[in-house]
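Counting starts at 1 for both ligands and their atoms, in listed order.
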Amino acid sequence: MNKATRKAVIAGNWKMNMTPSQTKEAVEKTAALVKDKNGCDIVLCVPFVDIGTAAAAAKGTNIRIGAQNVHFAESGAYTGEISAAMLLEAGAEYVIIGHSERRQYFGETDKTVNQRTKAALAAGLKVILCVGEVLEERQSNITDEILSMQTKLDLAGVSKEDMQNVIIAYEPVWAIGTGLTATPQQADAACGCIRSVLTQLYDEKTAESVTIQYGGSMNDGNAAELLAMYHVDGGLIGGASLVPEKFDAIVTAAQ
Ligand code: PEP
C-alpha cells in the first residue's frame, strides 16, 4: 500500500465550540457542501454533548462523527469522564486521543494516552492519535526523537491488527491555533519519521497502510500543498473546521 491506496481522512476538531443547536446547523451545512466528495473520509469531532445531535444530522451523509477524548475505564467513579461505550451509543465512531491541548492543560501523559487508546480500540472506536513536538524541541533538533518516543509509548501493546483502526495525527504544537504552519517538507519529514517508527514497531506493510494526518493551522489556502506530500494522508483541522465553507475547501483539496 502507498499514498495512492491510503484513503485520506479529513477530520475537524471543533474543540470547545458549538452548542447542540449550532451543531445541527453546522453539520447540515457542511454535509450539503461535502456531499459527493468521496475521495476522502470526512469526520467531525465534536464536544461530548453535541455527539447525539451531530450523529442525527449526519445520518445518511458522508460525514462520520467523533469525540475529542475518552476515558480508559469501562465505568465507575470517574466524575466528569466519558466511556467508550457511551461514545459509541451516542453515535461517535472516532475519537481524538492525546491532543496537545489535553497534554498541556489537563495533565495527559503518554501513559494515559496509551490507556485511552487501548480502551477505545477494544470497544470498537477508531482512534485519531495525536503526537507532536513543542517549539523548543524543534529548535533543539530533537523532533524525530520526540515523535519516536511518543509514538512508541502511545502505541505500546496495540496490535498490528488494531492499527487498521488507528490514524496518527502529526501536530507540531507550535502550529496549533497559532496561524503558523509547518512547511510541506517539514510535515512530510515528520509524518515519514512516524511511518518509519511504525515499520520498527510492526512491519513495512502495516506502516504503509496507516493514515498519517498533518494538523496545525491547515486551511483552505495551504491544504493542497500539504496534502500533496507523500506521507501526508489527510488533515486534522481545528479553527477552519468551524466554518463549513473553509472545511469544504480542505475536503475538496483532498479529492
Ligand atoms: C487542532 O486542534 O488539532 C488543530 C490543528 O487546530 P488548528 O487547525 O486551529 O491549528
Shared hydrophobic cluster for [X] and [Y] (ILVMFWY, side-chain gaps under 4.5 Å):
X   : Y    : result
L44 : I96  : no
V95 : V166 : yes
I65 : M18  : yes

Do me a favour and list the nearest non-hydrogen protein atom to [atom] with residue, atom name and distance?
atom                   : value
atom 4 (C) of ligand 1 : G238 N, 3.6 Å
atom 5 (C) of ligand 1 : E171 OE2, 3.1 Å
atom 2 (O) of ligand 1 : K15 CE, 2.7 Å
atom 9 (O) of ligand 1 : G239 N, 2.9 Å
atom 1 (C) of ligand 1 : H99 NE2, 3.2 Å

Near [X], which atoms of ligand 1 are under 4.0 Å from a heavy atom of that residue?
X    : result
G216 : 5 (C), 10 (O)
G215 : 5 (C)
L236 : 3 (O), 5 (C)
S217 : 7 (P), 8 (O), 10 (O)

Q) For ligand 1, which part of A175 has a heavy atom less than 4.0 Å away: the side chain, the backbone, both, or neither? A) backbone

Q | Within reach of ligand 1, part of I176 (heavy-atom separation under 4.0 Å) | A | both

**Q.** T199 side chain to E204 backbone, donor-acceptor under 3.5 Å
**A.** no

Q | Donor-acceptor under 3.5 Å (E171 side chain, V131 main chain) | A | no

Q: Give a yes/no verdict on whether any heavy atom in G235 is under 4.0 Å from an atom of ligand 1.
A: no

Q.
Any atom of ligand 1 sitting under 4.0 Å from a heavy atom of G177?
A. yes

Q.
When you measure from the centre of the six-membered ring of Y230, is the NZ or CZ of R6 closer than 6.0 Å and no more than 45° off the axis?
A. yes

Q.
Looking only at side-chain N and O atoms, does Y202 offer a donor or acceptor that is under 3.5 Å from a partner on E161?
A. no

(Q) Measuring only between side-chain heavy atoms, which start at C-beta, is E245 closer than 4.5 Å to K29? (A) yes

Q) Are any of the side-chain nitrogens in R116 or E81 under 4.0 Å away from the carboxylate oxygens of its partner? A) yes

